[in-house]
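Keep in mind the model is a prediction, meaning the values are calculated, not measured. Worth knowing before you read on, the calculation uses all heavy atoms, side chains too, and leaves out hydrogens, waters and symmetry mates.
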Amino acid sequence: MSVWLCIPSRRDPPESTLGAWHDAGYKIAICRERELCSKPTCPRCWDFIIEMGIDYPGWSVCTNALIHAVILHDPEANWCVAGGDDTLPDPSRAPEEIAAECEEYFLSKYPTHPRAFGVMQPTGD
């Protein structure tokens with residue numbers, strides 16, 4: 001199982017928050033504007049990147065494209081976290097622990113579904 005943070009990001013470098021997600025055990029997929037993709041950034045800031053054109057299509061379009069790409073890219077991906085590059089992971093729980101809790105919840109609601117798959121969005125509460 002793998003858990004991915006899927007977000008558009010303009011921060012340069014985005015290490016301030018994305019490094020924290022990486023260190024917590026999440027894989028990271030980001031969508032960046034073309035001119036930002038060529039700038040040097042920290043190597044632990046993403047595992048997968050989508051380069052967008054000049055016009056920013058919006059948070060939801062970018063996030064949806066990333067989730068779709070991650071599902072095709074990583075057969076172990078069960079969960080994607082949708083957030084922003086200003087959001088930090090839960091410092092007290094591992095991604096696998098949160099994913100297991102979500103999987104248990106969704107499988108209890110949809111027991112005949114062959115694979116629980118969902119999107120988590122942190123609230124910061």
Side-chain angles (χ1 to χ4, degrees):
M1 174 191 332
S2 61
V3 181
W4 286 76
L5 173 68
C6 298
I7 61 166
S9 177
R10 268 197 62 71
R11 289 185 183 221
D12 191 35
E15 183 171 8
S16 58
T17 53
L18 299 184
W21 285 92
H22 181 270
D23 292 347
Y26 293 83
K27 290 187 177 182
I28 301 169
I30 64 171
C31 184
R32 303 223 346 136
E33 293 173 359
R34 185 170 290 125
E35 72 269 7
L36 295 176
C37 290
S38 61
K39 292 184 179 182
T41 58
C42 65
R44 65 191 185 116
C45 288
W46 62 72
D47 299 285
F48 189 83
I49 186 167
I50 290 178
E51 182 181 298
M52 71 178 112
I54 296 170
D55 295 327
Y56 176 61
W59 179 90
S60 59
V61 171
C62 288
T63 301
N64 198 29
L66 284 166
I67 291 169
H68 181 76
V70 162
I71 292 167
L72 295 175
H73 172 77
D74 181 4
E76 298 292 316
N78 279 27
W79 297 94
C80 295
V81 179
D85 62 9
D86 59 348
T87 307
L88 292 170
D90 185 332
S92 61
R93 299 178 67 203
E96 296 80 14
E97 180 184 351
I98 297 169
E101 183 180 307
C102 291
E103 192 160 319
E104 181 181 327
Y105 170 80
F106 282 105
L107 286 174
S108 72
K109 297 289 184 190
Y110 308 100
T112 59
H113 197 278
R115 180 175 167 211
F117 182 86
V119 175
M120 299 181 285
Q121 182 172 6
T123 62
D125 291 345

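Not counting sequence neighbours, Thr63 has no partner by the side chain to side chain donor-acceptor pair (under 3.5 Å) test. Contacts of Ala69 classified as side-chain contact (heavy atoms from CB on, under 4.5 Å), with partners at least two apart in sequence or in another chain: Phe48, Ile50. Not counting sequence neighbours, Asn64 has no partner by the side-chain contact (heavy atoms from CB on, under 4.5 Å) test. Partners of Ala24 under the side-chain contact (heavy atoms from CB on, under 4.5 Å) rule, at least two apart in sequence or in another chain, are Tyr26, Pro89. Residues passing the salt bridge (charged side-chain N to carboxylate O under 4.0 Å, His left out) test with Glu96, sequence neighbours excluded: none. Annotation: side chain to side chain donor-acceptor pair (under 3.5 Å) contacts of Ser92 (sequence neighbours excluded): Asp90.
Linking Ile, Leu, Val, Met, Phe, Trp and Tyr whenever their side-chain heavy atoms come within less than 4.5 Å puts Val81 and Tyr105 in one cluster.
When all heavy atoms of Trp79 and Met1 are compared, the pair lying nearest together is CD1-SD, 4.1 Å. Closest of all the heavy-atom pairs between Ile7 and Leu18 is CD1-CD2, 3.5 Å. Of all heavy-atom pairs spanning Thr87 and Trp21, the tightest one is O-NE1, 2.5 Å. In plain terms, the two heavy atoms of Lys27 and Asp47 that are nearest each other are CA-OD2, 3.1 Å.
Applying the 6.0 Å contact sphere to NE2 of His73 captures more than 12 heavy atoms from other residues, nucleotides or ligands.
Ser9 OG to Ile30 CD1: the interatomic distance, rounded to the nearest 0.5 Å, is 5.0 Å. How far NE2 of His22 is from CD1 of Ile28: 6.0 Å, rounded to the nearest 0.5 Å. Within the model, atoms SG of Cys102 and CD of Glu97 stand 11.0 Å from one another, a figure rounded to the nearest 0.5 Å.
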Q) When you look at Leu66 and Trp4, which way does the side chain to side chain contact (heavy atoms under 4.5 Å, CB included) test go after all the steps? A) CA-CA 10 Å; Leu66 284 166; Trp4 286 76; over 6 Å; no
